Amino acid sequence: MAVFWSSALTFVNARVVLPEGRLARTLRIRGSRIDGVDVAPDKGDAIVDLDDSFVFPGLINAHDHLELNSQPRLKWRERYDNASEWFADFQPRFDTDPALAVTRPATLEDRVWVGGLKNLLSGVTTVCHHNPIHRPLRKRFPVRVVTKFGYSHSLHIDGEAVAQSHRQTPSEWPWIIHAAEGLDDAAQSELETLDRLGCVSANSVFIHGVAFCPASADRVIDAGAGLVWCPSSNQFLFNATADVRAFDDADRLALGSDSRLSGEGDLLDELKSAHVTRQLSAEGLARTVTTGAANLLRMPAAGKLAPGAPADLTIVRPLASCPFDSLVGASRSDLRMIMIDGKPCVAEPALAPAFLATGVPTMSARVDGNARLVSRWIGQHVSKMQLRERGFEVH
Ligand SMILES: [Zn+2]
């Protein structure tokens, strides 16, 4: 009888970044889960040599709007004082301004797929999409999409109805809202309003927090709530960003790319924008896209490499001796493989045996000019729907 794929896959000569900061040399995957670290391969395992590459948990993007990634970022003033002014500028143009071509690609499914590809190609395996979980996101999709959360847009869009949304969200799920997105008094007073409405609780997650003062940070942290930091979006709109150090110290911080309406590019670009502010070390930045995000999003099995955890991996070429410097310095071309649930999705051709071992058919692709293999179901969808994610082609 022909054996099409192996019982397990073991990566060897790896540098596997474990939660306690130790580096393991091997990582064994069985089915969709991590089976062991620093274990010898079993007889019959497929073995893939990683040549000293760093293996990170699949990155978590804690904030995006997946359907808004097909257009360049746009603004109509040099600098805003509050996100509400930016909204007022772009909403009347939404369907009429050719630069705001959010209606292309034509369908919602195509648009969310472009957002999915943006995330996947930047090493993201889980994304928190801040909008309804549209039907295409419930079907087979390039990345894992968080589904167990409640959300409101913001106080300036939803008003005091945010209180009902918070109340209706189970306390074990995160409740997520844009807050303090600006520099003016209105932005500064939002936390107080949210507090008065009973919306500052242990499951509250605030996005942006540009106007948070040290007392606001203390209030959020004391409540057990947290912050999603989107520095490139903030810099673009306000020429300023949040002071996040207290949130990192309390391990209540995650990073989000936001959509390309205001965010720079993808989560790797966001790590670089965050690094430029010199608020966190590279290790602290790595936490914001792994364990920090998993904490805020209440996904205890995500963001770490441990036996029993889902085999979601982002494998990074060693750009420096430090794994975290390598991650923060990485571009999409430095990602050697992205794997979700034990199945490779995109990888260098040199890692083709991992696709073979896990029974994943492939197509040839290019990412920023570099040859890649992509799982066939993704490649075929991209080809058939003629999806255009910048720098990504399938053949
Ligand atoms: Zn947003």
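Fair warning: this is a prediction, and the values are worked out from it, not measured in the lab. Values reported hereafter were calculated over all heavy atoms of this structure, with side chains retained and with hydrogens, waters and symmetry mates removed. In each ligand, atom 1 is the first atom listed, and ligand 1 is the first ligand listed.
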*Asks:* Would you mind checking if R79 and D81 are paired as a salt bridge, meaning a charged N to carboxylate O distance below 4.0 Å?
*Replies:* yes
*Asks:* Please find out if the Zn ion (ligand 1) and some N, O or S atom of H63 are separated by less than 2.8 Å.
*Replies:* yes
*Asks:* Using only N, O or S atoms, tell me which atom of H65 is closest to the Zn ion (ligand 1).
*Replies:* NE2
*Asks:* Indicate whether the side chain of Y80 and that of D89 have a donor and an acceptor atom separated by less than 3.5 Å.
*Replies:* yes
*Asks:* Taking atom types as modelled and ignoring hydrogens, do the side chains of S53 and R336 form a donor-acceptor contact shorter than 3.5 angstrom?
*Replies:*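 Yes, a side-chain donor-acceptor pair sits under 3.5 Å.
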*Asks:* Can you name the N/O/S atom of D258 that is nearest the Zn ion (ligand 1)?
*Replies:*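 Relative to the Zn ion (ligand 1), the closest nitrogen, oxygen or sulfur of D258 carries the name OD1.
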*Asks:* Does C230 put an N, O or S atom under 2.8 Å from the Zn ion (ligand 1)?
*Replies:* no
*Asks:* Under 3.5 Å, is there a donor on one side chain and an acceptor on the other for D266 and N119?
*Replies:* no
